[in-house]
Structure formats: C-alpha cells, structure tokens
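Hydrogens, waters and symmetry mates play no part in the numbers below; they use all other heavy atoms, side chains included.
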Amino acid sequence: VSSYASSSDADSFEEPLPPLMARAAESDQTLTRLDLCFNKQFVVLSGQQKLQALEQLARGSALESVRLDGLGLDNTHGATLARLLRHGEHDGSGGVRTLSLQSNALGEPALLALAKAVSGHPSLSELAVGNQRDALSTLAVATLLDAMATAPRLTRLKLGPVRDEVQRRRHQLLTMQAVERARRERAASPAP
C-alpha cells in the first residue's frame with residue numbers, strides 16, 4: 001500500500017517540512033508519493049535551503065511519485081532533480097515513476113540535465129516540466145523528446161506550449177507510440 005504525503009496549502013494537512021524531508025531521505029516505505037506543489041514552507045526557503053531539501057529527496061529511494069510544482073526551482077536545482085529522478089532505479093525500487101516540475105523557473109541547463117536522467121529510464125511513466133504560458137527552448141524540447149524515445153515506460157511528457165510544428169508532431173507521435181507499446185505490454189502480460 002502506497003502512502004501519500006501532501007504538504008501543500010491545504011489547511012487540513014500541513015506536515016512540517018523538515019520531518020517530511022527526513023522521511024524521504026530515509027527511504028520511509030510508507031512515503032511513496034509526495035506532493036509539495038506550491039508549498040508555503042518550501043517556497044520561502046532560500047535557494048541553498050531548497051537545494052538541501054531536494055538533496056534529501058534525492059538520497060531516498062522509496063518515492064515513486066513526486067510533485068514539485070510552483071516552488072521557485074531554477075537551473076541551480078537541475079542536477080539534484082536529475083539525481084532524484086534516477087535514484088533508486090538500480091537498487092530494485094525502480095526509481096521515480098512520475099515527476100512534476102511545472103510552474104518553476106527551470107531553464108535550458110536544468111532541462112538538459114533532466115533529459116539526460118530521463119534517457120533510458122526504466123520506470124518513468126510521466127514527466128511534467130513546462131507551464132501554460134512560456135514555451136521551452138527548441139534545444140530543450142528536442143533533447144527531452146530524444147530522451148522520451150529511449151525511456152520504455154514514458155507515456156506522458158508535459159512540455160507546455162511547443163512552438164515548433166515539427167517538434168509538436170514528433171511529441172504527438174512519440175506519445176502515441178508509447179501509449180500503444182504500453183497497451184500491447186498490458187495485453188501480453190498474464191492476468192493476476
């Protein structure tokens with residue numbers, strides 16, 4: 001049974017950030033999903049404090065789903081986010097399966113680091129990096145699409161608006177191919 005921790009703005013649940021980060025770093029098996037979207041406690045941290053908190057997340061291996069939307073993350077956090085994405089995939093836990101980083105200030109350097117982490121990722125099924133109004137750079141989109149083509153389980157890559165028509169069509173094609181591949185795998189696997 002997976003556990004879900006949300007530490008967003010909801011008044012009903014506001015787990016203090018330090019113990020939550022410590023649980024993630026310790027690979028607490030009851031904490032497999034973490035939602036810090038627009039978390040007030042996280043947003044007010046300095047850039048260095050945010051980096052330290054992300055490093056704690058990257059040390060753990062129990063997290064399967066991580067939502068970090070709207071936290072003021074930027075290029076200085078790219079390498080740590082890439083480590084978070086890849087951590088745990090070699091120890092049998094499979095690593096992060098869904099990661100959402102929408103509405104942050106991640107630029108090309110951070111997105112290229114993430115694309116490298118996505119490339120060949122064995123269990124990642126969803127990655128969201130864009131936002132609704134700003135388009136990613138052409139290089140970032142192309143590199144993320146190249147990575148998607150090598151990640152066998154990645155069926156949802158949310159990029160926000162894609163300006164280039166060729167890239168937009170490639171994104172649609174890769175998505176359709178990934179969904180069809182997943183459908184075939186489900187059909188071929190024996191029923192439980």
Which atom pair, heavy atoms only, marks the closest approach of [X] to [Y]?
{"X": "A178", "Y": "L154", "value": "CB-O, 3.2 Å"}
{"X": "A110", "Y": "G78", "value": "CB-CA, 3.7 Å"}
{"X": "A117", "Y": "A82", "value": "CB-O, 3.6 Å"}
{"X": "P161", "Y": "A135", "value": "O-CB, 3.4 Å"}
{"X": "L112", "Y": "T143", "value": "CD2-OG1, 3.4 Å"}
{"X": "L34", "Y": "M21", "value": "CD2-CE, 4.2 Å"}

Same cluster (ILVMFWY, side-chain, under 4.5 Å), V44 and F42: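 No.
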So if you build clusters from Ile, Leu, Val, Met, Phe, Trp, Tyr with side-chain heavy-atom gaps below 4.5 Å, do V43 and L101 land together? yes
Which residues pass the side chain to side chain donor-acceptor pair (under 3.5 Å) test with E185, sequence neighbours left out? R153
Which residues satisfy the side chain to side chain donor-acceptor pair (under 3.5 Å) test with R59, sequence neighbours excluded? none
For S119, check side chain to side chain contact (heavy atoms under 4.5 Å, CB included) against everything at least two apart and list the hits. A147, T150
All side chain to side chain contact (heavy atoms under 4.5 Å, CB included) counterparts of E26, not counting sequence neighbours: A22
Assess whether atom CZ of R163 is packed by more than 12 heavy atoms of other residues, nucleotides or ligands within 6.0 Å. no
So the salt bridge (charged side-chain N to carboxylate O under 4.0 Å, His left out) pairs with at least one residue in residues 104-120 (sequence neighbours excluded) are none
Exactly one of L20, L81, L84 clears side chain to side chain contact (heavy atoms under 4.5 Å, CB included) with L57, and that residue is L84
Test side chain to side chain contact (heavy atoms under 4.5 Å, CB included), reference L111, set L136, L139, V141, output is L136
Test side-chain contact (heavy atoms from CB on, under 4.5 Å) applied to L106 and L73, step by step: CA-CA 6 Å; L106 300 174; L73 303 177; 4.2 Å; yes
Distance from [X] atom [atom1] to [Y] atom [atom2], nearest 0.5 Å?
{"X": "H171", "Y": "D164", "atom1": "NE2", "atom2": "CG", "answer": "13.0 Å"}
{"X": "S100", "Y": "R67", "atom1": "OG", "atom2": "CZ", "answer": "4.5 Å"}
{"X": "T98", "Y": "E64", "atom1": "OG1", "atom2": "CD", "answer": "8.5 Å"}
{"X": "T155", "Y": "R181", "atom1": "OG1", "atom2": "CZ", "answer": "9.0 Å"}
{"X": "S61", "Y": "Q29", "atom1": "OG", "atom2": "CD", "answer": "6.5 Å"}
{"X": "L63", "Y": "R23", "atom1": "CG", "atom2": "CZ", "answer": "9.5 Å"}

Under the side-chain contact (heavy atoms from CB on, under 4.5 Å) rule, what do R170 and L174 come out as? Steps first, then yes or no, please. CA-CA 6 Å; R170 182 173 183 225; L174 287 170; 4.0 Å; yes
For residues 47-55, which side-chain N or O atoms pair as donor and acceptor with protein atoms under 3.5 Å away, sequence neighbours left out?
unit_1: Q49; atom_1: OE1; unit_2: S46; atom_2: N; d: 2.8
unit_1: Q49; atom_1: OE1; unit_2: S46; atom_2: OG; d: 3.3
unit_1: K50; atom_1: NZ; unit_2: L71; atom_2: O; d: 2.7

Before giving the answer on side-chain hydrogen bond (donor to acceptor under 3.5 Å, both in side chains), spell out for T80 and R83 the whole-Å C-alpha distance, their side-chain angles and the decisive distance to 0.1 Å. CA-CA 5 Å; T80 304; R83 280 195 308 279; 3.2 Å; yes
Hey, does the side chain of D69 reach the backbone of S103 with a donor-acceptor pair shorter than 3.5 angstrom?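 No.
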Please check if the side chain of Q167 supplies one atom and the backbone of V162 the other of a donor-acceptor pair under 3.5 Å. no
Quick one, R86 with H121, criterion side-chain contact (heavy atoms from CB on, under 4.5 Å). Give me CA distance, side-chain angles, the key distance, then yes/no. CA-CA 7 Å; R86 293 306 289 222; H121 195 293; 3.7 Å; yes
From CA spacing to verdict: side-chain contact (heavy atoms from CB on, under 4.5 Å), V118, M148: CA-CA 7 Å; V118 168; M148 182 184 191; 5.5 Å; no
